[in-house]
Number of protein chains: 2
Amino acid sequence: MNEIAIPPESITEDEQPKTLAEAAYRQLRRDIIEGVHRPGDKLRVEHLKDQYEVGAGTLREALQLLATDALVVAQGQRGFRVAPISLDDFEDITRTRVLLETSALQQSIELGDDAWEASVVASFHLLSRAEDKLGDGGKCSREEWEQRNRAFHEVLIAACPSRWIRHFQNILYHQSERYRRLSLFRQPIPRDVHAEHQAIVDAALARNTAEATRILTEHIMRTLEAVRRLPEDLISR
Amino acid sequence: MNEIAIPPESITEDEQPKTLAEAAYRQLRRDIIEGVHRPGDKLRVEHLKDQYEVGAGTLREALQLLATDALVVAQGQRGFRVAPISLDDFEDITRTRVLLETSALQQSIELGDDAWEASVVASFHLLSRAEDKLGDGGKCSREEWEQRNRAFHEVLIAACPSRWIRHFQNILYHQSERYRRLSLFRQPIPRDVHAEHQAIVDAALARNTAEATRILTEHIMRTLEAVRRLPEDLISR
DNA sequence: TCAATACCTTTTCTCGAGATTTTTGTCTAT
DNA sequence: ATAGACAAAAATCTCGAGAAAAGGTATTGA
């Protein structure tokens with residue numbers, strides 16, 4: 001009677017926005033992650049609706065969507081705020097990400113087929129190219145590097161069959177992106193990220209699960225260390 | 001300048017709704033979990049706004065909030081639907097829940113103090129009482145048992161310091177509740193849940209992490225088996 | 001000087017109507 | 001009989017204005 005079941009997939013970013021509310025959601029999310037709206041800031045609908053050129057109700061929907069990703073918090077009858085950040089929160093995010101992402105990688109290595117291997121190699125190549133151009137002097141934007149870094153990590157666990165793990169991992173990645181921006185602004189390419197990525201790819205293709213998850217864990221945890229070394233006034237509040 | 005940081009906590013249920021949209025959200029969530037709105041059903045705003053006695057825009061917000069919990073899916077410009085269910089999905093939910101909940105329990109056992117032990121014993125007692133009254137013949141509603149079962153599992157991992165794990169676990173619990181209703185309708189108390197809970201409490205208080213997580217895993221996985229044995233027409237579509 | 005109350009401004013929340021898009025039903029042509 | 005297209009109908013999405021609540025300020029009394 002009814003048509004085909006809808007994939008229980010959440011909002012993904014590869015598709016283009018189909019509604020004004022979702023377009024505003026994208027822009028707002030980008031602005032929050034990039035720090036245009038700072039953590040703890042109040043998000044007044046009356047001001048923002050002009051800035052993003054949508055109605056009040058529409059902007060409100062966008063804010064609700066952002067609450068899904070825990071990038072903004074809704075407070076009863078007192079409006080919306082950009083979610084605050086703290087070292088404790090980032091440590092929590094990182095550890096939870098390790099838990100989920102290693103589990104996902106483990107399954108991905110176990111189940112991934114030739115096509116998966118190919119996409120891993122391909123996305124790693126794209127990321128490497130972006131790093132070359134980035135060091136080469138502004139031939140590639142940091143935006144693009146972020147995009148490809150994200151794609152690489154996504155492809156790594158793409159063969160994991162668990163939609164839920166991938167969904168949660170996605171949320172956490174967005175969260176950690178906010179913190180990573182803080183550290184990357186200071187140290188252009190702080191550590192040898194490239195070598196770490198390379199090692200993960202090698203271990204993954206060799207189906208060496210233990211080695212791959214070990215390196216991935218260190219890789220993620222190193223970002224935590226980098227943020228820990230930041231001046232306190234950047235992440236306080 | 002600005003006041004105290006807001007706890008980055010999501011919507012919890014212990015507080016009472018402060019807005020019409022949230023009230024509608026609660027009612028809708030309850031109705032979806034209880035099966036009033038069946039999986040895959042279309043949720044037409046025009047019909048539901050009368051039923052829940054709110055405006056169209058307000059009900060829309062409630063639906064957005066439900067999309068957060070993945071209980072409804074929003075489809076571009078084609079409205080909202082109750083999230084479909086499937087065996088594969090439930091298997092995914094269950095395995096992910098095991099991953100998160102065992103990790104949380106492990107930390108909880110490691111870090112929990114006397115007050116935590118006390119709350120574990122207390123919530124287990126409340127749950128046991130509910131089971132007595134339930135078997136005694138309708139002196140306690142299944143609603144109440146569900147409530148206390150939920151509280152018990154929540155308290156078990158309450159000493160885990162990771163807000164994110166608890167947050168995700170919360171979402172997954174809601175999801176699995178939908179499936180569990182299906183199986184509990186048939187077999188009133190299908191297996192010896194009480195003994196399993198007892199064993200978890202014993203192991204937790206003895207700080208026997210390995211044993212506690214092992215039993216918890218079996219406990220959660222058994223629900224998957226119960227749903228697997230259901231007639232297919234209940235969970236198909 | 002300090003505290004408490006009342007008032008006023010600002011912001012949020014809610015509602016109903018109009019514009020767009022999707023869906024359904026029918027008709028025609030191959 | 002099937003496929004395609006056009007038109008009518010339904011539903012969704014969007015917007016602006018009004019009601020309710022929160023926050024800030026000034027006034028009053030001790």
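Throughout, protein chains are lettered first and strands after them, A, B, ... in sequence-line order, and every chain is numbered starting at 1.
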A:R180 charged N/C atom sitting above A:F90 aromatic ring, 6.0 Å / 45°: no
Non-hydrogen atoms of B:L59 and B:V45 that approach each other most closely: CD2-O, 3.7 Å
For atom CZ of B:R81 and atom C1' of D:dT12, their distance in whole Å: 14 Å
Any donor-acceptor N or O pair under 3.5 Å, side chains A:E101, A:H153: yes
Whole-Å distance separating the CD atom of A:Q77 from the P atom of D:dG23: 11 Å
Taking only nitrogen or oxygen atoms into account, show me every contact under 3.5 Å that the protein makes with nucleotides 15-19 of chain C, one pair per line with its distance.
unit_1, atom_1, unit_2, atom_2, d
C:dC15, OP2, B:G55, N, 2.7
C:dC15, OP2, B:T58, OG1, 3.0

Phosphate OP1/OP2 of C:dT12: any A:R60 side-chain N/O under 4.0 Å: no
Option passing side-chain contact (heavy atoms from CB on, under 4.5 Å) with A:H37 (candidates A:I32, A:V72, A:L71): A:I32
Lys/Arg-Asp/Glu bridge criterion (N-O < 4.0 Å) met for B:E91, B:R228: yes
For atom OH of A:Y52 and atom P of D:dT14, their distance in whole Å: 17 Å
Sequence neighbours excluded, every pair satisfying ring-ring contact (aromatic ring centres under 6.0 Å, His included) that has a member inside residues 52-86 of chain A: none
Listed nucleotide nearest any side-chain atom of A:R78, set C:dT22, D:dA22, C:dC13: D:dA22
Distance in angstrom units between B:Q75 CD and C:dT21 P, rounded: 18 Å
side-chain contact (heavy atoms from CB on, under 4.5 Å) partner of B:I220, chosen from B:T102, B:T94, B:L172: B:T94
Separation of atom OH in B:Y25 from atom C1' in C:dT14, rounded to whole Å: 20 Å
Close side-chain approach of B:E117 to B:D113, heavy-atom, < 4.5 Å: no
Side-chain ion pair, B:R30 and B:E34, N-O less than 4.0 Å: yes
For atom NZ of A:K18 and atom P of D:dT14, their distance in whole Å: 13 Å
Per-nucleotide protein contact string for nucleotides 6-11 of chain D, where B marks a base within reach and S marks sugar-phosphate only (heavy atoms under 4.0 Å, - for neither): -----S
Short side-chain N/O contact from B:T19 to OP1 or OP2 of C:dT14, under 4.0 Å: yes
